[in-house]
J.: 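So that we are looking at the same thing, I have put the structure below in C-alpha cells.
Side chains are part of it too, since the values below use all heavy atoms of this structure and drop only hydrogens, waters and symmetry mates. By convention in this document, chain letters (A, B, ...) are assigned in the order of the sequence lines, proteins followed by strands, and residues within each chain are numbered from 1. It should be emphasised that the depicted structure is a prediction, and the values quoted were computed from it without experimental measurement.
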Amino acid sequence: MPYDPRISEERWYRYWMENGFFHSTVDRTKTPYCVVIPPPNVTGVLHMGHMLNNTIQDILVRRARLHGLNACWVPGTDHASIATEAKVVAKLKAEGIDKRDITREEFLEHAWAWTRKHGGIILEQLKRLGASCDWERTAFTMDEVRSESVIRTFIDLYNEGLIYKGVRMVNWDPEAQTAVSDEEVVYKEEQSKLYYLRYRIEGEEEEYITIATTRPETILGDTAVCVNPNDERFRHLVGKRCIVPLVNRPVPIIRDEYVDMEFGTGALKITPAHDINDYEIGYRHNLETIDIFNDDGTLGEKATLFVGRDRFDARREIIPALEAAGNLVKIEDYANKVGYSERTDAVIEPKLSMQWFLKMKKLAKPALAAVLTDEVALIPAKYKNTYRHWMENIKDWNISRQLWWGHRIPVYYLPDSNDFVVAATAEEAAALASAKVGRRLTPADLRQDEDCLDTWFSSWLWPISVFNGVLEPENEEIGYYYPTRDLVSGPDIIFFWIARMIMAGYAYRGQKPFHNVYLTGLVRDKLRRKMSKSLGNSPDPLELISRYGADGVRVGMMLCSPAGGDLLFDESLPEQGRNFTTKIWNAFHLVSSWQVADAPQPPHARLALEWFEQRLRECADTLEVSFGQYRVSEALMILYTGFRDDFSSWLLEIIKPAHGTPVDRETRDRCVALFEHFLQLLHPFVPFITEDVWQQLRPRKKGESIMISRLPATRSFDVALLEEFERVKGIIVAIRNIRKQHDVPFKDSLELKVKWHERYPQRFESVLLKMGNLSAVSILPAAGESGDAPSDDTLSGAWSFIVDTVEFFIPAAGEVDVAAASAKLTDELAYTRGFLASVMKKLDNEKFVNGAPADVIENERKKRADAEAKIRAIEEQLSRLTAPKS
RNA sequence: GAACUGUUAGCUCAGUCGGUUCAGAGUACUGCCUUGACAUGGCAGGGGUCGCCGGUUCAAGUCCGGCACAGUUCACCA
C-alpha cells in the first residue's frame with residue numbers, strides 16, 4: 001500500500017491537536033524553549049516566504065521538544081494597519097462606498113467584519129504545513145491585551161519624554177493618505193527627464209537665471225532660487241529677485257552651501273513644502289512655504305494653476321505652458337531614484353505635516369550593544385554590519401499614521417485648544433484634563449487625536465505582549481518564557497521589526513527578547529527573480545502540499561536554503577522531497593513485511609547492525625553540531641544521505657533475508673530500534689511520515705507519539721569501526737565494478753582471494769560474502785612471509801583490484817584482458833608516483849622539516865609509506881599481468 | 001556615492017586552525033539494471049586552473065593587497 005500523505009497528514013495533525021501536544025504550560029522543572037511567530041498579516045494568505053520561514057521554526061521547535069525542552073511556539077497575526085485598511089477601502093469602493101462619506105465608527109465596523117471573515121485563514125493554512133504552534137495562545141495585535149499593551153506603552157514613553165509631536169517633513173503616501181516612516185519608502189531607479197527652466201530677473205528685460213528640475217510642476221510652490229556662495233557665475237545676481245514662471249511671483253536669489261555648483265546649471269529652485277532639502281534651506285533662510293498639493297496628490301488652491309489636476313498630469317501639462325511662455329530652455333534624459341510607498345507602491349510625496357515621533361537614540365543604545373557583543377546573535381553574522389550602521393544613524397520614528405484601522409493615539413485635546421492630555425481611556429483623560437484646567441470636564445468635552453499608531457508600534461512589543469508582559473510585568477508566564485530563544489525572520493524587516501523588538505525588550509524588561517535571530521533568505525524562482533503575483537512565478541503553497549505532501553514540500557524547501565541565502569525554488573525540490581518520503585515509506589514497508597523467526601542471528605546481520613549503531617551515533621552527533629550553528633539545510637542533508645545510503649542501501653541490504661525466508665528476531669528488533677531512532681532524528685523535518693511509520697513499527701499505546709518522545713542522548717562512537725566499514729564498502733564496490741567490467745551477473749558467485757594485510761577488514765568477511773555474492777574468501781600470505789607463497793598459476797588468470805593498499809584477486813570466469821588491466825594499473829601507478837613525488841618534495845625540503853609542526857611531518861611520512869606500499873602493490877600486479885604464463 | 005558580503009563542478013552550495021588522497025555534497029548528466037522494499041528506484045561513472053593579477057609562507061581554495069563582476073544595505077544631486 002503506497003503512502004498517502006493527504007490521509008496521513010490530516011489524521012496525525014488531528015491526533016496531535018486532540019492530545020494537546022502543542023500546548024505548553026509553565027513548568028519550572030523543565031527548560032523553556034520559546035519561539036514567537038513573526039505575525040503574518042491578519043487577512044493575508046500563505047505564500048512561499050511564510051512556508052520557508054515557518055518550516056524552519058517548526059523544525060527548531062519540534063527538535064527542542066524531542067530534546068525534552070518545554071517547547072512553546074506562540075502564533076498570532078498582525079492587524080497590518082496600512083495593508084488592511086487599503087484592502088477595506090478598496091472593497092468599500094467596489095461597493096460604491098467612499099471612505100470619506102462614512103464615519104470612523106462605520107469604517108471600523110467594516111474593517112472588523114473583513115477581519116473576522118478573512119482573519120486567521122493564514123493560521124489554518126499553517127496547520128497544513130504541520131506547524132506545531134500552541135494554538136491556545138494565538139494572539140492578535142489588536143486584541144484586548146495587545147491593544148492595551150500598546151496604549152500603555154505609548155503613555156509610558158510619553159511620560160518619559162520620549163514621544164513628541166511636531167511639524168516635520170514626512171513621507172506622504174497619497175494613495176493611502178497617510179504618513180509613513182523612512183523605512184517604508186523604497187527607492188527605485190527611474191528614467192526621467194531633467195527640465196531646464198529660466199526665470200527672468202526682476203527689473204530686467206532679457207536677463208535670466210536657469211535652473212534644472214525633475215519636477216517642473218513644483219515651481220508653483222517655489223519661494224526662492226539658490227546658488228552656491230562661491231559660484232562666481234551668479235555673483236551679480238545674488239540679492240536680486242527673479243520671477244517664478246507662469247505664476248509670476250518674485251522670489252529672492254539666495255546663497256547656500258548646499259547647492260552643488262557642478263550639477264545642472266548650478267542654480268537650484270527652492271520649494272520648501274515639497275522637498276526635504278529645500279525645506280531645510282527654507283528654514284535657514286526664513287523662506288515662505290507654499291504647499292501646492294492636496295493630500296491625495298492633486299494640486300490644491302495654493303498652486304493657483306492646474307488646480308485639481310493630479311501631480312503627474314500637471315507635470316506633463318505644465319511643459320507646453322512653460323514653453324509657450326518662453327521659459328523652457330531644454331530637456332535632458334536623466335536617471336534618478338524615486339521613492340515609492342512600500343505598501344501601496346504610490347510615489348511618495350515629501351510633505352510637511354504634524355506627526356508624532358518617538359525619540360530613538362536612547363532606546364537604540366542597549367539594543368546596538370546587544371548585537372555587537374552577540375548577546376543577541378544574528379545568523380548569519382554578516383547582518384551585524386547592516387544593523388550597526390542603521391542603529392548608529394538612527395532617526396526619530398514617525399509613529400503616527402493618518403489611518404483608522406489600528407491603535408488610536410491616546411491623546412485627548414482640551415476644548416478649543418491644542419493642549420492635550422495622554423491617557424488610556426476617555427474617562428481618565430477627562431479626569432486629567434479637569435485637573436489641568438481647574439474645572440470639571442467630561443469625555444465629551446475632549447477630542448481624541450484622529451491618528452493611529454504605526455503597525456510596528458504594536459509588533460515591536462510582540463515577544464513581551466504575547467505573554468501579557470506589558471500590562472502584568474511580574475506574571476508567571478513572562479517570567480518563565482521570556483527571553484524567547486530563537487526568532488526566525490527575513491532580513492527585509494531587520495529595521496522595521498527586529499531592531500525595534502530588541503529596543504523594546506531592553507526598555508521594558510531590561511532584557512533581550514530572544515537569544516538568536518535566524519535570518520532566512522528570500523524565496524526566488526529558478527531565474528533568481530523574486531516571487532511575485534505579477535510575474536505569476538509563485539506557486540500556491542497549498543497546491544504544492546496537496547501534490548507533494550507537507551513533508552515533501554518541507555524537505556524541498558530545506559534542501560537548499562542556508563541561513564541568509566536565497567532559496568531558488570522550483571518544483572523539482574518538493575518532488576525530491578516527496579521522493580525522499582517515499583523512500584522512508586518503502587524502507588518501512590520492507591521491514592514490516594518480514595516474517596520473524598526465533599532463529600540464531602547470522603553474523604553479517606550482527607556486524608551490520610553493530611556498524612550502523614555507531615554510524616547513527618555519528619550522525620546524531622554531527623546533527624548536534626549543525627543545529628548548533630543553525631545549519632539546518634546541512635542537518636537535513638546529513639539525514640537525507642544517511643537514510644538513503646547508510647540505512648537503506650547498506651544496512652537494510654545486508655540484513656534483509658532472502659525472499660521468502662524469515663528474519664531472526666534479534667535482527668528485526670535491533671533494526672526496528674535503530675529505525676525508530678532515525679525517525680526521531682528525521683521527525684522535525686518530516687513530522688507526518690515519521691509519526692505514521694513510528695506508530696506502526698511496533699504496538700503503541702493511546703496518546704503515544706513520536707513528537708513527544710525523547711531523543712536518546714548523544715553518545716560517543718567507534719571511529720575505528722566506522723573506518724573499517726568504509727573499507728568493507730570499498731571492497732564491495734570494487735567487486736561490483738569487476739562484475740560490471742566483465743559482465744558477470746550478480747547471481748553468479750565469485751571467489752575472492754586477499755593478500756594478507758592488516759587493513760583487510762577480516763572481521764566483516766560475512767558481510768563481504770553476502771554483498772559480493774562470494775562463494776569463498778581465502779587469505780594469501782603476505783609477501784615476504786615464509787610458507788606458501790601464491791603461485792603465479794593461482795593468480796595469473798585472475799582479475800585484481802586494490803583497496804586501501806590491500807590486494808584482492810578474483811579468479812576470472814573468462815579471459816583476462818591484459819592490455820586493459822595493465823593500462824589501468826599503469827595510470828594508477830603514474831598518479832601514485834606523482835603523489836609520492838609531491839610528498840617527497842616536502843620531506844626533502846629542509847625548511848619544511850624544520851618549520852612545520854611535528855604532526856604534520858608525521859603525516860607526510862605516513863603518506864610516503866602508504867604511497868610506497870601502494871606502488872609496490874601495483875608494480876607487483878603489473879609484473880604478474882605481463883609475465884608469461886607458466 | 002559609501003559600507004558590507006560574495007565569486008569553488010552545468011546549477012545550488014559546503015569547505016572549521018593555512019597542512020592527510022582536499023578539491024567535496026546535492027542536483028543535473030552518462031552507462032548498465034524493470035533483481036522479490038522502492039523506476040518517486042538500484043548500481044556504477046564522468047565532470048572544477050577554487051573570478052583575475054600580485055604578495056606573505058616550507059606550504060594558499062583558505063591569509064594580505066589590487067582589479068573585475070555580482071548581490072545586499074545605507075545615503076542621495078535638484
J.: With respect to the side chain of A:L568, which nucleotide from B:C74, B:A75, B:U12 is positioned closest?
T.: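 Closest nucleotide among those given: B:U12.
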
J.: May I ask you to decide if A:M261's main-chain N or O and A:R233's side chain share a donor-acceptor pair within less than 3.5 Å?
T.: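 Yes, A:R233 side chain to A:M261 backbone: donor-acceptor pair under 3.5 Å.
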
J.: Rounded to whole angstrom, note down the C1' distance from B:A44 over to B:G51.
T.: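 That atom pair is separated by 34 Å.
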
J.: Can you tell me, in whole Å, how much space there is between the P of B:G46 and that of B:A25?
T.: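 B:G46 and B:A25 have their P atoms separated by 12 Å.
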
J.: Starting at CG of A:L378 and ending at P of B:U5, how long is that distance when rounded to a whole Å?
T.: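 Rounded to the whole Å, the gap is 14 Å.
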
J.: To the side chain of A:R736, which of B:A44, B:A37, B:U12 is closest?
T.: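 Nearest to the side-chain atoms of A:R736, counting from C-beta on, is B:A44.
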
J.: For the side chain of A:E653, counting heavy atoms from C-beta on, which of B:A37, B:C58, B:U73 is nearest?
T.: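 Selected nucleotide (nearest to the side chain): B:A37.
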
J.: Pick the P atom in B:U62 and in B:C52, then give their distance to the nearest Å.
T.: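 11 Å, rounded to whole Å.
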
J.: Please state the C1' separation for the pair B:C43 and B:C38 - nearest whole angstrom.
T.: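 Comparing C1' positions in B:C43 and B:C38 gives a spacing of 14 Å.
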
J.: Looking only at atom C1', what distance separates B:G54 and B:G47, rounded to whole Å?
T.: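 One C1' to the other, the span is 30 Å.
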
J.: Which part of the nucleic acid, if any, lies within contact of A:R578, taking any heavy atom under 4.0 Å across all strands shown: a base, the sugar-phosphate backbone alone, or nothing?
T.: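 Result for A:R578 = base.
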
J.: Pairing check on B:C50: which nucleotide meets the Watson-Crick or G-U wobble criteria with it, both distances under 3.5 Å?
T.: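 WC or wobble partner does not exist here.
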
J.: Between A:R215 and A:E349, does at least one N-O distance fall below 4.0 Å, as a salt bridge requires?
T.: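 Judged by the 4.0 Å cut-off on N to carboxylate O distance, A:R215 and A:E349 do form a salt bridge.
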
J.: Could a donor-acceptor pair under 3.5 angstrom be found where the side chain of A:K842 meets the base of B:C58?
T.: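 It does not, because no donor-acceptor pair links the side chain of A:K842 to the base of B:C58 below 3.5 Å.
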
J.: Indicate, with a heavy-atom threshold strictly under 4.0 Å, whether A:D866 touches base, sugar-phosphate, or nothing.
T.: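 No contact.
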
J.: Determine whether a donor-acceptor pair (N or O, by modelled atom type, separation under 3.5 Å) exists between the side chain of A:R668 and the backbone of A:P662.
T.: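 Answer holds: no.
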
J.: As a test of reading the structure: which of B:U20, B:U73, B:A37 is closest to the side chain of A:N859, going by heavy atoms?
T.: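 From the listed options, B:U20 comes nearest.
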
J.: Nearest of B:G42, B:C58, B:C76 to any side-chain atom of A:N845?
T.: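 Looking only at side-chain atoms, A:N845 lies closest to B:C58.
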
J.: Counting the atoms with a prime plus P, OP1 and OP2 as sugar-phosphate, which does A:R528 contact under 4.0 Å by heavy atoms, base, sugar-phosphate, or nothing?
T.: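 Sugar-phosphate only.
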
J.: Quick one: is B:G45 close enough that its OP1 or OP2 comes under 4.0 Å of any side-chain N or O from A:N737?
T.: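 For B:G45, OP1/OP2 do have a side-chain N/O of A:N737 under 4.0 Å.
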
J.: Consider only side-chain N and O atoms of A:D182 and A:N171, and report whether a donor and an acceptor are under 3.5 Å apart.
T.: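 On atom types as modelled, these side chains qualify, holding a pair under 3.5 Å.
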
J.: Atom CD of A:Q595 and atom C1' of B:A37: how far apart are they, to the nearest Å?
T.: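 Going from CD in A:Q595 over to C1' in B:A37 covers 15 Å.
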
J.: Write down the distance between OH (A:Y258) and P (B:A75), rounded to a whole number of angstrom.
T.: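 Interatomic distance, OH of A:Y258 to P of B:A75: 14 Å.
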
J.: With a 3.5 angstrom cut-off on both distances, give the Watson-Crick or G-U wobble partner of B:U12, or none if there isn't one.
T.: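 WC or wobble partner is B:A25.
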
J.: Can you check the A:W650 CH2 to B:C43 P distance for me, whole Å?
T.: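 From A:W650 CH2 to B:C43 P: 8 Å.
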
J.: Calculate the interatomic distance between A:N171 atom CG and B:C76 atom P; express it in whole Å.
T.: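 Rounded to whole Å, this separation is 10 Å.
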
J.: Using the P atom as the reference point in each nucleotide, state the distance between B:G61 and B:U20 in Å, no decimals.
T.: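 Result for the P pair: 11 Å, nearest Å.
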
J.: Once you apply the 3.5 Å cut-off to both distances, tell me the Watson-Crick or G-U wobble partner of B:U62, or none.
T.: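 Base partner found: none.
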
J.: Under 4.0 angstrom, heavy atoms only, what part of the nucleic acid is A:K269 near: base, sugar-phosphate, or nothing?
T.: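 Result for A:K269 = nothing.
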
J.: Write down the distance between CD (A:E262) and P (B:G1), rounded to a whole number of angstrom.
T.: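 So the CD-P distance, A:E262 to B:G1, works out to 15 Å.
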
J.: Look at all strands and tell whether A:K862 reaches a base, only sugar-phosphate, or nothing, counting heavy atoms closer than 4.0 Å.
T.: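 If one applies the 4.0 Å heavy-atom cut-off, A:K862 turns out to touch nothing in the nucleic acid.
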
J.: Which base, if any, makes a Watson-Crick or G-U wobble pair with B:C38, both distances under 3.5 Å?
T.: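 Looking at the geometry, B:C38 pairs with no nucleotide.
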
J.: Quick check on RNA chain B: between A:E634 and A:A587, whose nearest nucleotide comes earlier from the 5' end?
T.: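 Upstream on the strand: A:E634.
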
J.: Please give, in whole Å, the distance from B:G26 P to A:R631 CZ?
T.: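 These atoms are roughly 17 Å apart.
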
J.: Quick one: which of B:C38, B:C74, B:A75 gets closest to the side chain of A:K337?
T.: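 It is B:A75.
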
J.: Can you tell me the pairing partner of B:A70 across any strand shown, Watson-Crick or G-U wobble, with both distances under 3.5 angstrom?
T.: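 Because both required distances fall under 3.5 Å, B:A70 counts as paired with B:U5.
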
J.: Any side-chain heavy-atom pair from A:Y279 and A:D275 closer than 4.5 angstrom?
T.: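 Side-chain contact under 4.5 Å: no.
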
J.: Is there a donor in the side chain of A:D692 and an acceptor in the side chain of A:Q696, or the other way round, less than 3.5 Å apart?
T.: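 A:Q696 and A:D692 do have a side-chain donor-acceptor pair below 3.5 Å.
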
J.: I want to verify a distance call: between B:C76, B:C38, B:U40, whose nearest atom is closest to the A:K583 side chain?
T.: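 Ranking B:C76, B:C38, B:U40 by closest atom to the A:K583 side chain puts B:C38 first.
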
J.: Can you tell which of B:U20, B:A37, B:U40 lies closest to the side chain of A:N579?
T.: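 Looking only at heavy atoms from C-beta outward on A:N579, the closest nucleotide is B:U40.
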
J.: Is the base of B:U40 touched by the side chain of A:T582 through a donor-acceptor pair closer than 3.5 angstrom?
T.: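 Per atom types, the contact qualifies.
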
J.: Any idea which heavy atoms bring A:A273 and A:T289 closest together, and the distance?
T.: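 Taking every non-hydrogen atom into account, CB-CG2, 3.6 Å.
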
J.: Hey, which sits more toward the 5' end of RNA chain B by its nearest nucleotide, A:K526 or A:N385?
T.: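 Whichever sits nearer the 5' end wins; that is A:N385.
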
J.: From CG of A:N850 over to P of B:A59, roughly how many Å is that when rounded to an integer?
T.: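 After rounding, the reported distance stands at 14 Å.
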
J.: Does the side chain of A:E575 pick up a donor-acceptor pair with the side chain of A:Y548 at under 3.5 Å?
T.: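 No pair is found: no donor N or O on one side chain lies under 3.5 Å from an acceptor on the other.
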
